[in-house]
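Everything below concerns the one structure shown next.
Being a predicted model, the structure only gives us computed values, none of them experimental.
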Amino acid sequence: MRKSLLCAALLSAAASLSVSADPVDITHDQNLWMNVSSFGEAHWLGGEIHLLSSDNWFLLTKKRYRDFTLELEVIVPEVEGEFINSGIIFRAQTEYSADIESQFAFGYQAEVDPSDRRWSGGLYEQATPRQWLFPAHAERSAPGDHLKENYSPDWTEEKATAFKAGQWNHYKISARGPDIKIWVNDVLTTHVKDTHLSEGFIGIQHHGSQGFAQRGDTAYTVKFRNISIEEH
């Protein structure tokens with residue numbers, strides 16, 4: 001009897017453990033994605049997703065995710081006369097805005113920032129008053145009580161130079177409960193404990209281009225590939 005009870009207890013304990021699913025590549029199946037906005041275009045070409053938009057826009061997954069590890073590669077074009085910005089949103093929510101007559105996304109965002117500021121791999125909260133969670137912005141940071149801990153609070157030269165402009169860059173994002181980590185090309189750029197958002201959509205961003213909006217110029221395309229998600 002004692003042996004049977006021990007076996008039952010072990011089986012129950014094993015069943016209660018969280019088991020990670022195998023990583024799923026979501027790059028190629030258009031049915032896994034949705035465009036909730038009235039602007040922005042996504043094109044599936046040669047194993048890549050190409051994004052163009054006239055305004056700040058996200059292509060979102062149809063599925064909502066809680067705890068996960070996301071990996072992908074992104075390249076942002078180097079073009080004259082216009083700065084092209086991008087990012088990866090996660091635990092995102094959507095809401096209708098009368099100003100743009102469309103849905104928009106808000107949530108955590110891993111930055112793709114090829115500007116002179118060099119904050120690629122930083123953590124921003126898109127479309128909320130919190131804005132920059134890390135690094136801290138002099139005027140646009142209001143993390144509040146939800147930001148419990150920053151385990152790597154310095155924005156070092158190693159972090160600033162991890163992103164390579166004009167090249168494919170590998171991003172890894174881990175979200176397990178309030179523990180959030182971002183790597184750029186294997187450099188841990190962000191590690192925080194934040195309790196604001198626990199689940200939501202994942203999405204990829206085109207921040208908008210005047211050249212595309214005014215002339216339909218496709219030189220401002222942001223490209224993503226090898227997008228895989230492992231749920232925990």
Side-chain angles (χ1 to χ4, degrees), residues 21 23-45 47-76 84-113 120-131 133 169-176 180-182 184 190 194 196-209 212-213 220-232:
V24 176
D25 189 314
I26 64 169
T27 313
H28 311 287
D29 190 347
Q30 299 182 34
N31 293 321
L32 300 177
W33 298 88
M34 62 180 180
N35 182 1
V36 301
S37 301
S38 57
F39 46 86
E41 297 180 5
H43 304 275
W44 278 259
L45 297 169
E48 302 168 0
I49 303 178
H50 294 192
L51 303 186
L52 283 162
S53 183
S54 58
D55 207 336
N56 190 7
W57 168 75
F58 292 89
L59 179 71
L60 299 175
T61 60
K62 292 180 179 178
K63 181 176 178 177
R64 299 174 71 92
Y65 296 87
R66 182 173 294 273
D67 292 349
F68 62 87
T69 298
L70 167 71
E71 296 191 56
L72 57 74
E73 292 175 275
V74 57
I75 186 169
V76 178
I84 302 299
N85 172 273
S86 183
I88 304 107
I89 200 168
F90 56 101
R91 292 182 173 169
Q93 318 300 311
T94 58
E95 187 175 303
Y96 181 79
S97 169
D99 291 340
I100 60 174
E101 298 181 341
S102 178
Q103 296 281 327
F104 70 96
F106 61 96
Y108 296 129
Q109 180 180 313
E111 278 291 315
V112 178
D113 178 16
S120 290
L123 182 62
Y124 187 80
E125 194 167 283
Q126 172 69 30
T128 81
R130 302 182 76 207
Q131 299 191 70
L133 305 183
N169 290 270
H170 179 266
Y171 273 68
K172 180 179 177 181
I173 301 168
S174 171
R176 292 174 178 256
I180 296 171
K181 296 178 182 177
I182 302 169
V184 178
T190 295
D194 192 276
H196 189 211
L197 299 167
S198 61
E199 60 84 35
F201 304 108
I202 289 172
I204 49 180
Q205 181 194 38
H206 192 293
H207 201 273
S209 162
F212 174 68
Y220 305 98
T221 301
V222 178
K223 302 175 183 178
F224 292 83
R225 69 184 183 186
N226 297 328
I227 307 170
S228 68
I229 303 174
E230 179 182 358
E231 295 187 72
H232 304 299

To the closest 0.5 Å, what do you measure between [atom1] ([X]) and [atom2] ([Y])?
X	Y	atom1	atom2	value
I204	I227	CD1	CD1	4.5 Å
L123	D194	CG	CG	7.0 Å
Q30	I49	CD	CD1	8.5 Å
W33	T61	CH2	OG1	6.5 Å
E111	I88	CD	CD1	9.0 Å
S209	N85	OG	CG	12.0 Å

Which pair of non-hydrogen atoms, one from [X] and one from [Y], has the smallest distance, and what is that distance?
X	Y	answer
E125	T128	OE2-OG1, 2.8 Å
Q103	S37	O-OG, 3.1 Å
K63	F201	O-CD2, 3.6 Å
V76	S86	CG2-CB, 4.3 Å
I182	Y171	CG2-CD2, 4.4 Å
N226	D25	CA-OD2, 4.3 Å

Output all residues satisfying side-chain contact (heavy atoms from CB on, under 4.5 Å) with S53, sequence neighbours left out; order by chain, then residue number.
F39, W57, H206

Are the side chains of [X] and [Y] in touch, meaning some heavy atoms are under 4.5 Å apart?
X	Y	value
Y108	H196	yes
L59	F224	no
F104	T94	no

Which salt bridge (charged side-chain N to carboxylate O under 4.0 Å, His left out) pairs, counting each pair once, include a residue from residues 88-107, with sequence neighbours left out?
D67-R91

Going by the angle between their ring planes, with limits at 30° and 60°, are Y65 and F68 parallel, tilted or perpendicular?
perpendicular

Among H232, K172, R176, whose side-chain hydrogen bond (donor to acceptor under 3.5 Å, both in side chains) with T69 holds?
H232

Evaluation steps, side-chain contact (heavy atoms from CB on, under 4.5 Å), between V112 and V222:
CA-CA 11 Å; V112 178; V222 178; over 6 Å; no

